[in-house]
2 protein chains.
Amino acid sequence: MEQRSTRQRSAIRAVIEAAGRPLSPQEVLEAAQLDVPALSLATVYRNVKALLDAGEISAVSLPGDSPRYESARHEHHHHFQCTHCLRVFDVHNCPGDLAGLAPAGFTVERHELTLYGRCSDCPAPKRAAGKGKKAHAH
Amino acid sequence: MEQRSTRQRSAIRAVIEAAGRPLSPQEVLEAAQLDVPALSLATVYRNVKALLDAGEISAVSLPGDSPRYESARHEHHHHFQCTHCLRVFDVHNCPGDLAGLAPAGFTVERHELTLYGRCSDCPAPKRAAGKGKKAHAH
DNA sequence: ATAGATGCAAAGAGTTTGCATAGGT
DNA sequence: ACCTATGCAAACTCTTTGCATCTAT
């Protein structure tokens with residue numbers, strides 16, 4: 001039941017803690033490989049699972065994509081996905097108490113809110129492209 | 001771009017429209033096979049995709065599960081997943097306008113809210129084990 | 001008769017697991 | 001030394017696709 005400290009585990013944890021946004025297993029792999037080149041995807045999955053069980057990170061899943069993971073240390077927050085560039089951003093505001101929305105007899109322990117729309121880099125879906133800066137993130 | 005009316009398409013559409021809650025592809029298959037026994041999973045996927053494109057149904061994805069689909073006709077609503085029995089319920093209340101939560105420069109087009117807690121069939125997560133009634137749902 | 005829809009099976013993509021070995025304690 | 005964690009590859013699961021056949025129009 002030990003928990004050893006390995007280079008790959010540290011790298012994976014560090015990448016997720018530092019991300020500031022939810023990362024997919026593939027993104028975690030790529031980022032952590034900068035530190036530990038030989039890192040394998042299987043190890044990412046195993047550690048992500050372990051970190052989830054340990055409560056250090058939490059899973060976020062948005063329609064369409066595979067699940068992403070982020071630090072559980074981030075204070076309560078929500079997500080915003082741009083419908084154009086598909087990037088996911090953290091939203092630190094919260095509508096507040098939502099316990100009253102559930103049906104009678106139901107107990108609300110927590111909630112997850114996702115906003116969809118255009119991020120500041122992907123303005124109005126208006127007219128065809130052509131002008132302006134097209135800021136995309138890989 | 002014809003759209004033929006086949007028995008399987010009708011069955012799939014009917015199942016999703018009548019469900020009242022989001023269904024997984026597998027659930028759609030099983031329910032629709034009551035009507036069209038020979039129905040295949042591939043056809044469910046093809047039709048679910050077509051119905052999504054047509055805007056007749058919408059996808060809902062919760063952390064951990066594969067995506068579920070539900071009628072797009074349901075008026076705006078949200079979801080509640082019981083952390084104990086894992087069933088997903090519809091919640092017809094809505095916190096209202098959330099456009100103000102996004103960062104400056106972001107445009108909110110729609111939102112999705114998921115509540116987690118105990119449903120009325122899975123009461124209090126009692127402290128110490130030992131006594132009390134345990135209500136389980138499959 | 002024509003072209004879209006279906007069933008089946010093979011192909012893909014993402015995730016998990018078995019096993020021999022590297023490496024933390 | 002002991003035993004967990006890793007890497008690799010095979011195994012699985014879920015979803016998509018190719019193809020011959022069926023069928024709505």
Side-chain angles (χ1 to χ4, degrees), chain A residues 1-17 19 22-70 81 86 88 138, chain B residues 1-17 22-70 81 86 88:
Chain A
M1 192 105 281
E2 262 175 283
Q3 185 71 322
R4 296 181 180 176
S5 172
T6 62
R7 290 174 341 107
Q8 16 299 73
R9 178 162 301 157
S10 302
I12 291 171
R13 180 187 287 119
V15 162
I16 296 177
E17 291 293 338
L23 300 178
S24 67
Q26 189 59 46
E27 291 177 312
V28 172
L29 174 69
E30 288 162 15
Q33 283 186 325
L34 294 178
D35 190 31
V36 185
L39 182 63
S40 70
L41 234 199
T43 294
V44 170
Y45 278 106
R46 279 189 282 234
N47 279 295
V48 158
K49 194 182 210 175
L51 291 171
L52 275 177
D53 290 343
E56 288 188 53
I57 64 175
S58 51
V60 178
S61 93
L62 303 180
D65 305 293
S66 40
R68 294 155 190 254
Y69 305 88
E70 66 180 354
Q81 179 168 43
L86 303 184
V88 176
H138 58 291
Chain B
M1 68 173 273
E2 261 176 282
Q3 184 69 322
R4 294 183 182 176
S5 171
T6 63
R7 289 175 336 109
Q8 17 298 72
R9 176 163 300 158
S10 302
I12 291 171
R13 180 187 286 119
V15 163
I16 296 177
E17 290 293 339
L23 300 178
S24 66
Q26 188 59 45
E27 290 178 311
V28 171
L29 174 69
E30 287 162 17
Q33 283 186 323
L34 294 178
D35 190 33
V36 185
L39 181 64
S40 69
L41 234 200
T43 294
V44 170
Y45 278 105
R46 278 188 283 234
N47 279 295
V48 157
K49 194 182 208 175
L51 290 171
L52 275 177
D53 290 344
E56 288 188 54
I57 66 177
S58 50
V60 178
S61 93
L62 303 180
D65 306 293
S66 41
R68 295 156 189 255
Y69 304 89
E70 67 181 353
Q81 179 169 43
L86 303 185
V88 176

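Order of the sequence lines fixes the chain letters, A, B, ..., with proteins taken first and strands second; residue numbering starts at 1 for each chain.
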Compare the minimum distances between each of dC8(D), dT17(C), dT25(D) and the side chain of Ser5(B), then state the nucleotide with the smallest one. dT25(D)
Are Val15(A) and Asp35(A) side-chain neighbours, meaning at least one heavy-atom pair lies under 4.5 Å? no
Distance, rounded to the nearest Å, where Leu41(B) contributes CG and dC14(D) contributes C1': 9 Å
Side chain of Glu27(B), backbone of Ser24(B): donor and acceptor closer than 3.5 Å? yes
Interatomic distance where CZ belongs to Arg9(B) and P belongs to dG4(C) [whole Å]: 12 Å
Quiz item: Arg46(B) side-chain donor-acceptor pair to dG7(C) base, under 3.5 Å: yes
Spacing of Leu29(B) atom CG relative to dT16(D) atom C1', expressed in whole Å: 16 Å
d(CG, Asn47(A); C1', dT17(C)) in whole Å: 15 Å
Sorted by position of nearest nucleotide on DNA chain D, 5' first, the leading residue of Gln26(B) and Arg7(B) is Gln26(B)
Quick check: any donor-acceptor pair below 3.5 Å linking the side-chain of Arg4(A) to the base of dT25(C)? no
Below the 4.0 Å mark, does dA5(D) have OP1 or OP2 next to a side-chain nitrogen or oxygen of Gln3(A)? yes
Quick one: is Gln8(B) getting a side-chain N or O under 4.0 Å of the dT23(D) phosphate, OP1 or OP2? no
Between Lys49(B) and Thr6(B), which is nearer to the 5' end of DNA chain D once each is assigned its nearest nucleotide? Lys49(B)
What's the CZ-P distance between Arg13(A) and dA5(D), to the nearest Å? 11 Å
Is the backbone of Ala59(A) close enough, under 3.5 Å, to the side chain of Arg68(A) for a donor and an acceptor to pair up by distance? no
Could you work out, with side chain to side chain contact (heavy atoms under 4.5 Å, CB included) as the rule, every residue matching Ala19(A), not counting sequence neighbours? Leu23(A)
